[in-house]
S.K.: 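Got a structure for you, written out below as structure tokens; questions coming shortly.
Per chain, numbering begins at 1; letters A, B, ... match sequence-line order.
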Amino acid sequence: MDWSSLSPLSLIATMVVASIPIMLAATGELVVEKSGVLNLGVEGMMITGAVAGFIAAVESDSHVIAVIAAAAAGSAMSLFFGVLTQFLKSNHVATGLALTIFGLGVSSLVGQNYTGVKPPQFPKPEFGPLGDIPILGKIIFGYDYLVYVAFLTVLGVWLFLAYSRAGLILRAVGENHDAAHALGYKVKSVRLLAIMFGGAAAGLGGAYLSLIRVPQWTDGMTAGAGWIALAIVVFGSWRPWRVMAGALLFGGVTLLQLNLQAVGLEINAAYLSMAPYVITILVLVAISTKHSGMSANAPASLGKPFHPSS
Amino acid sequence: MISLKKSLRAASAVAATALLFATPGLSEPLKVGFIYVGPISDFGWTYEHDQGRLAVESALGDSVETTYVENVPEGADAERVLTQLALAGNNLIFATSFGYMDPVVNVAQKFPNVMFEHATGYKRADNVSTYSARFYEGRAVIGTIAGRMTETNTIGYVASYPIPEVVRGINAAYIHAKKVNPDVEFKIVWVYTWFDPAKEADAATALIDQGADIIMQHTDSPAPVSMAEEKGLYAFGQASDMKEFGPNARLSSIIDNWSPYYVARAQAALDGTWASEDAWHGINEGMVEIGEFSDAIPAEVQAEAQALADAISAGEYHPFTGPINKQDGSPWLADGEVADDITLLGMNFYVEGLEGEVPN
Amino acid sequence: MIRLERRRAPSRIWSFLAPLAAVGATLVGGAVIFSLLGKNPFEVLTTIFWSPLFDPNLSAYARPQLLVKATPLILIAAGLSLGFRAGIWNIGAEGQYIVGAIFGGAVALAFYPEEGWYIFPLMVAAGALGGIAWAMIPAILRIRFNTNEILVSLMLVYIAVQFLAAMSLGALRNPEGSGFPGSRNLQYYESASNPELVAGTGIHWGGLTAVAALACLYVLLHRHILGFHIRLAGESPRAARFSGARPALLVAFCLGVSGGLAGLAGLFELAGPSGQISIDFNVGYGFTAIIVAFLGRLNPIGILFAGLLVALTYIGGEMAQFMLGLPAAAIQAFQGMLLFFLLAMDLFLNYRIVFGAGARA
């Protein structure tokens, strides 16, 4: 086995690209959960975004339109969940699962005529001489636009939650909806907006998959990425930077597993494939044993039904 | 004498079974049912089976009526769907995944008058045929092209599960790449899935990072071809042509072409000559089709690959012809010896020269 | 002004009307989808809901199949409903289902080809144990480290799936299977098989266990202090603690029961309808059962009906595929819609719509 042939540079670059779909979806879900809502329909929203973005890209040949369409479609999907859970008081867990089933079905129906179609190539921003810097050029300036959008989303969500008044309200709603309601905040509207943001982010994540990472549309192509995103939110203990790190770590472990095989490491691939999940659990345990960890940061009203009693 | 008797008996058995099957009268079309493990839009395995179904419709017109059920999981659900297809009056049923084997056998027992065709399995009965394709013949051809075309002498292989079908493909490709390029090296990544575009893309990327400039795959999604296209490298279409996914990257492809077989079997059912058989067809019968060679392949390599395909097709050459040693150096096939089908069907070892182990 | 007012007690009338209203709404929505696809909506809907039950050719077979399909869903949902009531979220039943099947299957294969009455009971015990063991991982982590059980149980599904692949290709592979993945078929191994108890009924040991589980669930919830604590824990954890509930015990109990039932479901499915440990053995019952549990309002009788209804849409959906050429995706979208409406209509169970300003203003 030749370890030297493992290039950390290209590993990092691929890791970043591999983690973008879950990073986007998880960041969106983080906002949703921070508002006290648990939406298990991430997979359904991602795949809807994937197909919508793909169709828009093919039909319009415009990347901006594709991105908007993906976000809008994810958001529209999330509205089903939002209206059901917020106004019709349905159970979050079951509604989220139903959303996944619905999304998978609808995306497959809508996308039937688009398998085997090639989407337009997604452009990369030009950083001029910056891109030629030996190491940084590749791992910082070598990506397409959406990668930067994803990182900016993480940054934006962090700023929003930590420093904005609206973010404070959102957290208050997630922490104690009754108190927030008593203070005059519109709990349902806040949550609905959060849900729609989550849908948009998931849709974007899905579109990253269909437009850039694997530029093609195939039925069921998210193949469980939405579930991973859900896990990453908890893994990141509801903090944007940790969620980002979690997405990178997860993408990295999966990739490393494949790379180790390519290098020729003699280890059973079935067990290697378990590694990302085992590591997620281990890290999670490590985090949750510290008192400052996730339990302190979990939104207290997560998944609980809200009804203003008087 | 004995053998004559045996073959006579066999012949009369075939005749008897053929008579057993109730063939519909002139007015009634033959109903042909298909059960698929994936969606027909997967652009791989299931897509090609459905192309076969459409070919039956267009070839036999009004004398047949076809239906299908897609996304049927193997196991209990398959048994139910098969039974319902039989109950709904289908006379001939194609079950297109290995995991449907025991369900097919169970249901066939209950419906002795319905003809069943099971892909890639090995259990047969009077009303159960099996059919499979000698994809390794195609692998030999694309292995030759890959061996000639690689500049880094490294070929990346995205493999699904360590089953004989996949191992056989790796061996066939390697033997023929090595034949034309003694320095060639195979890097194999097992992804443990048939279909996960993102993971397949990652595996292809990992292989490319390890110096592979040609990607082969034995998974169903076109993602590896797309990745090769993006990196400006080469790949081969798998199951379907996949040219759309890599106009520059795709050198050729191994296409599963079930149409000739499906049409012939439906025709036999119509004629009342259908009998249980074990079909393992290759390039010759048209079940394995080599996709058009891309212009990126130099003419002499094209000619070489074509000649190999022709020799295989004509039965002049078998891709597993000795001398071939197993990976550990122990002899497998002597000079000029040809592998028998039984060994090929259960192949779970690498040939000499391949690195790594078949995981299990 | 329209607003919702919480009912003091769930409405009895609406507990019957809600599902009917939901089905009605779905019929309208489905009619739209199906006509957009160019199919006769009436024909599609009767095929999905009517044919499995009453089609002269197909129903004799399809009716018992409904029970076969519903059995694992009900069995798993029954266990999950306990935890869901107590606010303990096991969403990894799929993993427990897989591990239960692997454990039980391994016992059977260890005895092969020996015949004996004791083999099947041992398999059942192993199956339950496998499910419990897998569920105890999130339980212990939650109790000991306060680790979120939703995530751990979900991650364990993926680990179980890989484990299943490794077993089908490795230790449990059929040595006479020419190297193909998958174990021996237990349907052909008499002492280990779980056939229909009475031919043509679709009822195997799993079905009986499901009914027994529902009955126990009912008794537990309404007649036993533990059930009281479970219900209380979901409504008010603090009140539960005051009344003497031990949170750790509740977590272990709820996860253990749901894991055990999921493991049993896996074992019965393996030894019965499915037959084989194979890479694709699991087909999502563990996730679908979560929906079944909520459709059934976490209530034993509700779960029974919800399981049957969901099974009906699967079987009817297949019929719509081969009788009418409807794509599987359309059925899936239709199922999602039906679930949406069913969940939405439950609103009327607990709330009434009040028009006008009302007392609050």
S.K.: Testing the basics here: between F340(C) and L84(A), what is the closest heavy-atom pair and its distance to 0.1 Å?
M.R.: O-CD2, 3.4 Å
S.K.: What pair of heavy atoms forms the shortest contact from L154(C) to W227(A), and how long is it?
M.R.: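 Closest approach of L154(C) to W227(A): CD2-O, 3.8 Å.
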S.K.: Report the C-alpha separation of I290(C) and L40(A) in whole Å, then their side-chain angles, then the decisive distance to 0.1 Å, and conclude whether the side chain to side chain contact (heavy atoms under 4.5 Å, CB included) test is met.
M.R.: CA-CA 12 Å; I290(C) 297 174; L40(A) 292 184; 6.0 Å; no
S.K.: Rounded at 0.5 Å granularity, tell me how far CD in Q332(C) sits from CZ in F102(A).
M.R.: 11.0 Å
S.K.: At their closest point, which heavy atom of Y277(A) faces which heavy atom of M155(C), and how far apart are they?
M.R.: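 Heavy atoms only, the tightest pair is CD2-SD, 3.7 Å.
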S.K.: Is it the backbone or the side chain of L141(C) that comes under 4.5 Å from a heavy atom of chain A, or both, or neither?
M.R.: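 Looking at L141(C), just its side chain touches chain A.
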S.K.: Heavy-atom cut-off 4.5 Å, strictly under: side chain, backbone, both or neither for L97(A) against chain C?
M.R.: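 Interface part for L97(A): both.
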S.K.: Which answer fits F81(A), side chain, backbone, both or neither, if we ask what part of it has an atom under 4.5 Å from a heavy atom of chain C?
M.R.: neither
S.K.: Check step by step if side chain to side chain contact (heavy atoms under 4.5 Å, CB included) holds for L156(C) and I281(A).
M.R.: CA-CA 9 Å; L156(C) 284 168; I281(A) 294 179; 4.0 Å; yes
S.K.: Out of S108(A), S107(A), A231(A), which one racks up the most heavy-atom pairs below 4.5 Å with chain C?
M.R.: A231(A)
S.K.: Among G96(A), G224(A), A98(A), which residue has the highest count of heavy-atom pairs closer than 4.5 Å to chain C?
M.R.: A98(A)
S.K.: By a 4.5 Å heavy-atom criterion (distance strictly below it), what part of L338(C) contacts chain A: side chain, backbone, both, or neither?
M.R.: neither
S.K.: Which pair of non-hydrogen atoms, one from P327(C) and one from Q112(A), has the smallest distance, and what is that distance?
M.R.: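 Here P327(C) and Q112(A) meet closest at CB-NE2, 3.5 Å.
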S.K.: Would a 4.5 Å heavy-atom cut-off, applied to side chains only, mark Y158(C) and M274(A) as touching?
M.R.: no
S.K.: Mind ranking I137(C), I291(C), L339(C) by heavy-atom pairs under 4.5 Å with chain A and telling me who comes out on top?
M.R.: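 Looking at each of I137(C), I291(C), L339(C) in turn, I291(C) comes out on top.
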S.K.: How far apart are the closest heavy atoms of A329(C) and L109(A), and which atoms are they?
M.R.: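 Shortest heavy-atom separation between A329(C) and L109(A) comes out as CB-N, 3.8 Å.
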